[in-house]
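Below is one structure; the comments refer to it alone.
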Amino acid sequence: MGIVGNRFLELSGAKSFIVTTHALERMREFAGFRPTSGLAHVWFSRSRQLSHQEMLQLGYRPSYEHRRAEGIKSWYFRFFVFADEMVAVVGEGEIPGEYIWLTTYGRNLQNDQLSMFGSPAMAMA
């Protein structure tokens, strides 16, 4: 089980945490309203970190391996806005200790179909 967002920032020695306009816009697409940066910070602080394997099980297909091969670190944090599942994609900034919420993933038809938890095989388990 992953750690929560605020603990991740503490353990990583984060000096700043920036939520991009793009990440907020993606949340608006999935939730139907554009949250403030402050609200996004609250959601992130309570989010749970996901491993790459957990992302795949949930049906998401991030380009984690490609970024990792290029030396780019990224982390995933799952949270809910009302009943809508979302995932914050966080990366390192250019300044040491800077972390940036780059984009937001949400449920859609493709990841619902790829999700191990929504497949007929999982329903029978």
Can you give the donor-acceptor pairs under 3.5 Å from side chains of residues 82-89 to other protein atoms, not counting sequence neighbours?
from: E85; atom 1: OE1; to: R78; atom 2: NE; distance (Å): 2.8
from: E85; atom 1: OE1; to: R78; atom 2: NH2; distance (Å): 2.6
from: E85; atom 1: OE2; to: Y60; atom 2: OH; distance (Å): 2.6
from: E85; atom 1: OE2; to: R107; atom 2: NH1; distance (Å): 2.9

- [ ] Kindly compute the distance separating CZ (F80) from OG (S47), expressed to the nearest 0.5 Å.
- [x] 11.0 Å

Task: Connected via hydrophobic side-chain network under 4.5 Å: V90 and I3 - done: yes

Open item on the list: Within the supplied structure, the quantity of interest is the number of heavy atoms (other residues, nucleotides, ligands) at a distance under 6.0 Å from R34 CZ; does it exceed 12?
Closed with: yes

Open item on the list: Measuring only between side-chain heavy atoms, which start at C-beta, is Y99 closer than 4.5 Å to E92?
Closed with: yes

Task: Distance, nearest 0.5 Å, that separates CD of E25 from CE of M27 - done: 10.0 Å

For residues 11-18, tabulate all N or O donor-acceptor pairs below 3.5 Å that involve a side-chain atom, not counting sequence neighbours.
from: S12; atom 1: OG; to: F8; atom 2: O; distance (Å): 3.0
from: S12; atom 1: OG; to: L9; atom 2: O; distance (Å): 3.1

TODO: Could you check F44, Y105, W101, F30 and say which one makes a ring pair (Phe, Tyr, Trp, His ring centres under 6.0 Å) with F79?
DONE: W101

Open item on the list: Hydrophobic clustering (ILVMFWY, side-chain heavy atoms < 4.5 Å, transitive) - are V81 and V19 grouped together?
Closed with: yes

Open item on the list: Using the rule that Ile, Leu, Val, Met, Phe, Trp and Tyr join whenever any side-chain heavy atoms are under 4.5 Å apart, tell me whether L102 and L39 fall into a single cluster.
Closed with: no

Task: R61 side chain vs L56 backbone, donor-acceptor pair below 3.5 Å - done: yes

TODO: Check for a donor-acceptor pair, side chain of S74 on one end and backbone N or O of G91 on the other, with a separation under 3.5 Å.
DONE: no

Task: L24 side chain near P35 side chain, heavy-atom distance below 4.5 Å - done: yes

